[in-house]
Amino acid sequence: MRNLTLIATESSSFANLNLTSTAIDLDENVIYAASEQQTLDGEVAVELWRVAHLNGDHTISPTAVTMFTSVPSSNGPSETQILSLRVVAELRRIVAIMRGGDVVVVSIEEEDSPAEVEGTFESGILAAAWNPDESLLAIITGEQKLVLMTSALDVLSETPLHADEFGEDAPINVGWGSKQTQFHGSLGKTAAQAPSITKVGSSPDDDNQPRISWRGDGAFFVVSSLSPEDANGLRHRTLRVYDRQAALQSTSEAVPGLEHPLVWRPSGNLIVGTQRFGFEGGGAGKEGRHDVVFFERNGLRHGEFSLRVEHLGGKAQGVDSGHQRRWGYQVRELDWNADSNVVSVWIEGDDGDIVQLWSTGNYHWYLKHEIAAPLSPSGQPGRFTSVSWHPEVPLYLMLTTQTQLVQRKYAWDTFVSRSQPPNDSGTVAVLDGSTILLTPFRVQNVPPPMSSYQLAFASPPSASGFINMKTPIHVSLSSQDDILSVLWESGYLELWSLNTRIGSNSGSVMAPKKILSGYARNDPTVQWRQIVLQNPTDTLPTIVVLGTSSIGTDVIARLHVNGNDVINLDKMTCPRNCRLLNNSPDIYQTPKGDLIKYGSDSPLTSFPEFCLQIETVILPSKEKDGLPNSVFIGLGKSGQLNTAKANSESSILSGNATSFTVASNFVIFTTNTHEAIFVPVEELLNFKVGDTDSTPILSRKLERGSRIVTAVPSSMSLVLQMPRGNLETINPRPLVMEVVKQDLDAGNYRKAFFACRKHRIELNVLVDHDKATFLEQVSSFVNQIHEVDHLNLFLTSIGRGPQPQDTITKVSDAIRLELEKIDLAKYINTILTAHVVKTPPDHEAGLLQLLRLRESDPNLVEEAVKYIIFLVDADRLFDTALGMYDFSLVLMIAQHAQKDPREYLPFLRELRALDKYYQRFRIDGHLKRYQSALRNLSLAVPERFDEAVSYIELHRLYELALSVWKNTDRFEAILELYGDWLFERREFKQAAEVFVEANKTSKAMVSYEKCLQWQELFNLAVLANVGEEKLVEMGYRVAEDLVSKKRHSDAGRVLLDYSKDTREAVIAFVQGNMFSEARRIATLSSKAELLEDVIHPAAFESRAQLSEEVGEMQAQLRKQVGRLRELRIKKVEEPDVFYGTEDVALQNIDVMTDVSMPATAFTRYTVAPTATSRSSKRSSRSKRKAERKVGSGRKGTVDEEEYLLKSITKLVERFTAAQGEACNLLPHLFQITPDHRREGQELQKEISDFEAEFRVTVEDIWARPVTDGDAVVPAPDTWQARMEEAEEKKINPIDKVPKPDLSQGKGWKMNLFDME
């Protein structure tokens, strides 16, 4: 769907010269042109001129480089003697190969370097061609020999041109499918063996000269030459393919009428030539047919396309007329452009030379452009002397006449309609010779090469100084009206009203009508190349045309249409090779990327490069003045998509874009990563490449190589073209959502609904867009979408969507209420759906709706019941109806659900025989509605209380039972039942309080005793008048349990207060290290024997326990510190051994093989299990197990050091607790006896010594190593640097485990011990 558009042209004139060939110096970006003149002594004088490249410095005028003479050849035509002119970049010299046999070399390293004849072929040279990398040169001599030479002109091989063998790739023929194996019926065997006689000759227009062409990669080259005369006196052309060593690979089959043009497609898949038909020795076909034919490397045919003779002019003279051009024209040469997308056909006609540019798409060849040779000053037909493509720039063409060098640069452009909704037709125009293929994608999606309408043009009227060309040079479509403008290079233009049918009306898709034709300006000095329609009015638009004048500047002419007349408004000049903006034709772009408005000298803004496609986007202003902002978006050939605002610098929107368009408030572009990106227009200025956080990116994957053709906002479609040429129309979600939002804002719910339904968009967006407005306009929504099925679909989508529960309820209820007002009978299914889609579903309300409908319209109930059974599971609906205690409704559901009567009728009969509340109890129990069942059972006869108690115990409905039987005579029984349940669950405290409330004192006392609430227990026992003996016994029992729970203080008080046993109380106190309380009680009770019998021995025992505990802590500390130091030494000295055991955090890294190998210094960071049976994914159970292994501190693992540090931290906490116990014990050891004082002094010393040792150890363990300031810094990006970097990234265990604080236990000492 793309067209070739001319974007730049340059013409250099040479007076009194005869230019015949050109060569490009890619390093210096200059062109060398050669001129040939016949001298008086019969020699050929060749002049070399240096010309500026189209993209180079145009201030440099053509400069003569050198001049040399050569002997002309008598083998070839007299027009040109230079067969090949090439700049050999590696040797920095120009090599000219002459027909006379001379190989002339001119050095371009030094100025005024003389030309030298490097060598001469005495027989002359018929053809020559360099391979693409300029390392080899193939030459055909006058002796019909093929010579292969190096770039230094050393001969590599020399072989005869005409060979009898096929070549190294000769196929093996087993006879399958041949004529000899076919059945010929009554003709018999002789018919199979009879030879087929076909005359194969060459075209009368053949120049009889051989041709050579290399493949793009330089691996092969093909030679086309005429064979010797056969028995019929005919000669035919044969193609032979050779490799880089000039070894013959294959030979083509004999092709009748094959002509001399030859070129190998750079991509390598096709060899191209031309073929004539309709004469003796020519192809079998209509006379005058002329094809461009393709061959594969093996010599077999591979398709063709026919030249369009009506475009070529001239008059046929007949085959035997002897005229130079028998059919009024002949194909001179063929050539491919650099990227193999365009083939040029140089045609020499009676009326002048024409170069046609052809491209292919979807297996069809399009004639995209025609270039006519300018007329000679004498009025003779114009002739080209050479036509060649730039070897690297894809669409850069160079043509020469005798006195001019013309450079033309093209680009691919898509001619699309930019009309806006609701009149956007999405029309795309494709040029194919004198026909424009039109397809409005809003109405039809017609795959190329077909189209919705073919608009054919006649030859434009002749203009002075121009040859009439049928192919237009540019096409433009109006952005407002449905108008097509067509421009020819001569300045002739036509305006057509397309009258595109938009909508579902019957009739033709298009009915074009010409509304204007004429010349923009009858100026032969201007070559026009672009047309744009501007300022549409109620009648016709203003036309803006752009062309290049002969004085070196561009011309912009603005024309106004008045009826059938064209009125010239104004004309202005601008720099050469500018470009008009399609949707802002009052702005033009310079070749450097500057955007300039008419009448202004300074640019509005600039792009970093020239952008063929530029779109203008109007953004709403956020400034106080409220004026709109224009943002320009341009795509350069580098793939950089830029945005620019007036008086601001440009920014990059994407660096790898391949095409883009603007539609539905989105900038849509495709990338070379095969994605379509949608950037909201309002985010253009804030968008940054790769920044997906600030601006959410909407994208979707595309087929490889897809490009945007056009976007049609009204149909929410984006048309893409694949590399092969086929089309794909997609409906991206952003475009659909934009139209849906516009429809919702306009209140057009029906259109929005069907758009979402068609494109599979969740219908929740109808509510999410504006929830409040939707709820206010529910009546409008229902009136527009009145179909029951569509309303059901909408409600179902809402119910299953992500909406909150309250929103679903509000929407469902609002629609239901509105439908009930309109027609309950008509919308009963939708009303039922509204009840069902709620969360949770309101099945009961739906069934109640059926009950009401049964009374008013019994005939409709059956269908409604079937529908609700379709929505809801029949068993669930049966249970809901049963829970409503309506047996008629239950029967109706069961019958329509086709349930087996044997399943439910006996059960229903059993229920009918019961009384009301017990019946409901049974129903609720069946439905597992246990709370409702208990309430109904409580309303049944009092004799059912025992059953209620069993039901409460079965379903644990104790709290509900308390609320049901509260303020009744059964309340205490329920409380007791509840308390027994709590007691069984070992919730003794809660059970005791319940028993107290139920006046069950004995059970309450047992519960208090079980939970050791001894204050409440003895208080309740005293209030209950429990006997003294039982009270004492209870005291001993409770004290024993308290001691087992380490509650020595509480045990002593119980023994002292309720058991009256002072001795046991003192024992309890000293067991808890409460010597002060024990001594007080012994003194208070005047029982001095307790001091000797209990307290003094207990003090020694406590001292011994503390000493033993300190000894254990000291032994543990020394053992763990020793292991810690051993690990740290091992980590430094033997890191491979230390880290090479097992690193759980790295077990998921799949970098190890199953081959056993020793660990290295690198694999310690990638250690992983090598068993093939181990899965790469770990289950949650194995992860938890691995985490436990990390904290277990298993010896030999890398986590052992961290485990030891944590263990020492816990030891500090244990030691602090021991210091607290010593603080309580030491004063009593000092006061009791001298022996106790000595023991106390020793205990204090032991603890003090261990404390000092502990402090030193902790400081040493948590000390960080001192870094060496003189350490050698490894070189960057070396193995040692990477290893040290990895070492720094490892977390030191002392950073994970904080240093413990030993100062928490200070103040435990008794200073009097230190004074003795």
Side-chain angles (χ1 to χ4, degrees), residues 18-22 33-34 36 73 75-85 99 126-129 202-213 222 224-226 237 239 257-264 271-276 282 288-293 305-309 311-317 323-337 342-358 367 369-376 380-389 397-402 404-406 408 467 469 471:
N18 180 28
L19 300 179
T20 58
S21 57
T22 58
E36 300 179 20
S73 171
N75 295 327
S78 59
E79 295 89 61
T80 174
Q81 291 294 313
I82 299 179
L83 280 174
S84 172
L85 185 68
R99 289 188 183 274
L126 301 180
S202 62
S203 170
D205 287 340
D206 199 306
D207 64 2
N208 300 326
Q209 297 298 312
R211 295 289 192 279
I212 304 173
S213 180
V222 60
S224 172
S225 61
L226 284 171
R237 281 204 170 260
L239 304 183
L258 187 63
E259 297 182 315
H260 59 274
L262 176 72
V263 63
W264 199 327
I271 300 171
V272 188
T274 59
Q275 182 184 11
R276 280 282 190 184
R289 175 182 168 186
H290 201 177
D291 286 0
V292 175
V293 294
F305 70 89
S306 296
L307 293 174
R308 299 176 186 176
V309 180
H311 280 256
L312 304 179
K315 297 180 180 180
Q317 304 293 329
H323 192 271
Q324 182 180 1
R325 291 177 285 275
R326 273 67 168 185
W327 287 272
Y329 75 94
Q330 65 180 4
V331 176
R332 182 79 176 267
E333 296 292 348
L334 301 174
D335 197 9
W336 282 100
N337 76 324
V342 181
V343 60
S344 61
V345 182
W346 176 8
I347 299 172
E348 185 180 89
D350 292 341
D351 297 332
D353 285 6
I354 296 174
V355 174
Q356 293 183 342
L357 305 183
W358 294 77
L367 175 55
H369 192 64
E370 289 182 311
I371 308 169
L375 297 175
S376 65
Q380 296 297 319
R383 301 293 178 193
F384 290 118
T385 56
S386 69
V387 177
S388 61
W389 290 96
L397 185 65
M398 294 176 294
L399 311 100
T400 60
T401 65
Q402 288 187 347
Q404 280 188 331
L405 168 61
V406 180
R408 296 169 75 97
I467 299 177
M469 305 303 299
T471 304

Do the non-hydrogen side-chain atoms of Thr22 and Thr400 ever get within less than 4.5 Å of each other?
yes
I'd like to know if the side chain of Arg237 pairs up with that of Ser224 as donor and acceptor (distance under 3.5 Å, no hydrogens or angles considered).
yes
Side chain to side chain donor-acceptor pair (under 3.5 Å) partners for Ser21, two or more places apart
none
If you take all heavy atoms of Ile82 and Ala34, which pair is closest and at what distance?
CD1-CB, 3.5 Å
Report yes if some heavy atom in the side chain of Trp327 is under 4.5 Å from a heavy atom in the side chain of Asp205; otherwise report no.
yes
Answer yes or no: is there a donor N or O on one side and an acceptor on the other, between the side chain of Arg99 and the main chain of Leu83, under 3.5 Å?
no
Could you tell me which residues satisfy side-chain contact (heavy atoms from CB on, under 4.5 Å) with Thr471, sequence neighbours excluded, listed by chain and number?
His311, Leu367, Glu370
Would you call Ile371 and Val387 a side-chain contact if the rule is heavy atoms closer than 4.5 Å?
no
With sequence neighbours left out, the residues meeting side-chain contact (heavy atoms from CB on, under 4.5 Å) with Arg383 are Arg325, Glu348, Asp353, Pro381
Residues at least two apart in sequence or cross-chain that pass side chain to side chain donor-acceptor pair (under 3.5 Å) with Asn18, listed by chain then number, are none
Which pair of heavy atoms, one from Leu397 and one from Leu357, lies closest together, and at what distance?
CD2-CD2, 4.3 Å
ring-ring contact (aromatic ring centres under 6.0 Å, His included) partners of Trp389, counting only residues at least two apart
none
With no hydrogens and no angle check, is any side-chain donor or acceptor of Gln356 less than 3.5 Å from a backbone partner on His369?
no
Given Thr20 and Thr385, is the side chain to side chain donor-acceptor pair (under 3.5 Å) satisfied, shown in steps?
CA-CA 5 Å; Thr20 58; Thr385 56; over 6 Å; no
Can Thr80 and Glu36 be counted as having a side-chain donor-acceptor contact under 3.5 angstrom?
yes
Please report the closest heavy-atom contact between Ser306 and Asp291, naming both atoms and the distance.
OG-OD1, 2.6 Å
Which residues satisfy the ring-ring contact (aromatic ring centres under 6.0 Å, His included) test with His260, sequence neighbours excluded?
none
Would Arg276 and Tyr329 count as a cation-pi pair here, with the cationic atom under 6.0 angstrom from the ring centre and within 45° of the axis?
yes
Any side-chain donor paired with an acceptor under 3.5 Å for His290 and Glu259?
yes
Considering only heavy atoms from C-beta outward, does the side chain of Arg211 approach that of Pro261 to under 4.5 Å?
no
Distance (rounded to the nearest 0.5 Å) between Ser225 OG and Asn208 CG:
11.5 Å
Where do Leu399 and Arg408 come nearest, in terms of heavy atoms and distance?
CD1-CD, 3.9 Å
Would you please classify the geometry between the Phe305 ring and the Trp358 ring as parallel, tilted or perpendicular, with 30° and 60° separating the classes?
tilted
Among Val263, Leu239, Asp335, which residue meets the side-chain contact (heavy atoms from CB on, under 4.5 Å) test with Ser213?
Val263
